[in-house]
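Single-structure report; data block below.
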Amino acid sequence: MKKKTAENDNPFAFVGGGKRYYTQNCMLRERFGCKVIRIPLSAGFTCPNIDGTKGTGGCIYCSAGSRASSCDPQRSIAEQYYDGRAAVKDKWGEGKYIPYFQSNTNTYAPVGKIRSVIGEAMMLPDVCGIAVSTRPDCISEEIADYFADLSEKTYLTVELGLQTIFDETARKINRCHTYEDFLKGYELLASRNVNICVHLIDGLPGETHDMMMQSAREMAKLKLHGIKLHLLHILKNTAAAAMYAAGEISVMTLEEYVTIICDQLEVLPPELCIWRVTGDGERDSLIAPLWSLKKFVVMDEIDKEMRRRGSWQGKYYTKEGGSYG
């Protein structure tokens, strides 16, 4: 990955599109030589934070897993995959595909069941990898061993939902696991060289700018394959919706969000793939912030702010200290 080093130039010009960070689209094109599209799937698994094992109701922002229309656990993995392909074909054309087990906690099941659904997905046409979204407290030695073996056979990424490093915030959002739990799950995978992508959510209740930056700086110290940066969405029929209506929580403005994302990008390692810098709640269920519906406007504002600063991903990152500035 060749990059320029001039102080006021863009070291990520090779990414294209005016980006000043290393995008997932660029990384996958480099790896596979074509457009790669992720197809969301549901294996029908639940979550220990829903079924009562650790909690009930899920996280305060949870609306029962993925919102992708193709994710119907009553249908087979193959049927969901073909529906998902058809839905994106007009937008992206032909390419390769990564079945993405997105809904709920996709390691919260016996390993035999996990092997079965992933094995079915790997047999589908034009598949070039597998992505599995899960909770860090649902990674066991047995599951980590299976993922290590799977990583030898295909391009696997395990997405760990962390959201914040602060246990106080985790309690507020009913996360039902600690940062220590995350580090244990992370280490089980990292020690086996399994690709890990971590999710962070900005704008969680009570979190300051400094707290959000600290979460990013801690992630900069880890051996990650990717990171997803989101914002807190208030969705209908969630605990967060009731809290928002009661004035107990608020949401970020577009300006605040752009500022924190650019600040976080500056302290993350330049080689770390940025899988997402925003999220867009489904129009029919989103209460706030409504500006997040305009996903490409949000990304454009991030690009413009990075250009205005003369900045880029990793500008304030150092291997020795994690980050500076």
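The main-chain N or O of G58 is found under 3.5 Å from a side-chain atom of N174 such that the two form a donor-acceptor pair. Judged by distance alone, with hydrogens and angles left aside, the side-chain atoms of H177 form no donor-acceptor pair with the main-chain N or O of R135 at under 3.5 Å. R20 places a side-chain N or O within donor-acceptor distance of the main-chain N or O of S311, the cut-off being under 3.5 Å. With hydrogens and angles disregarded, a donor-acceptor distance shorter than 3.5 Å links the side chain of Q80 to the backbone of D72. In this structure, T107 contributes its side chain and C138 its backbone to a donor-acceptor pair below 3.5 Å. Side-chain atoms of Q264 come within 3.5 Å of backbone N or O of M212 as a donor-acceptor pair. T56 places no side-chain N or O within 3.5 Å of a backbone atom of G52 that could act as its donor or acceptor partner. In this structure a side-chain-to-backbone donor-acceptor pair under 3.5 Å is missing from T278 to K295.
The six-membered or imidazole ring of F45 lies away from that of F101, with a centre-to-centre distance of 6.0 Å or more.
Counted within 6.0 Å of NZ on K35, heavy atoms from surrounding residues, nucleotides or ligands total more than 12; the atom is thus considered enclosed. Enclosure of atom CD in E168 is not indicated, since only 12 or fewer non-hydrogen atoms of other residues, nucleotides or ligands lie within 6.0 angstrom. When the shell of 6.0 Å around NZ of K96 is examined, it contains 12 or fewer heavy atoms from other residues, nucleotides or ligands.
With rounding to the nearest 0.5 angstrom, the CZ atom of F182 is 5.5 Å from the CG atom of L222.
Taking the charged nitrogens against the carboxylate oxygens, K221 and E218 do have a contact shorter than 4.0 Å, which makes a salt bridge. For the pair K184 and E187, the salt-bridge criterion is not met [side-chain N within less than 4.0 Å of a carboxylate O]. Comment: D263 engages R309 in a salt bridge, judged by a side-chain N to carboxylate O separation of less than 4.0 angstrom. Salt-bridge check for K19 with D303: passed, with a basic side-chain N closer than 4.0 Å to an acidic carboxylate O. Residues R192 and E141 are paired through a salt bridge, judged by an N-O separation under 4.0 Å between the basic side chain and the carboxylate.
With T164 as the partner, the side chain to side chain donor-acceptor pair (under 3.5 Å) test is satisfied by one option alone out of R175, Q214, K172, E207: E207.
Note: the hydrophobic cluster containing V198 does not contain I201 (ILVMFWY, side chain heavy atoms under 4.5 Å, direct or indirect links).
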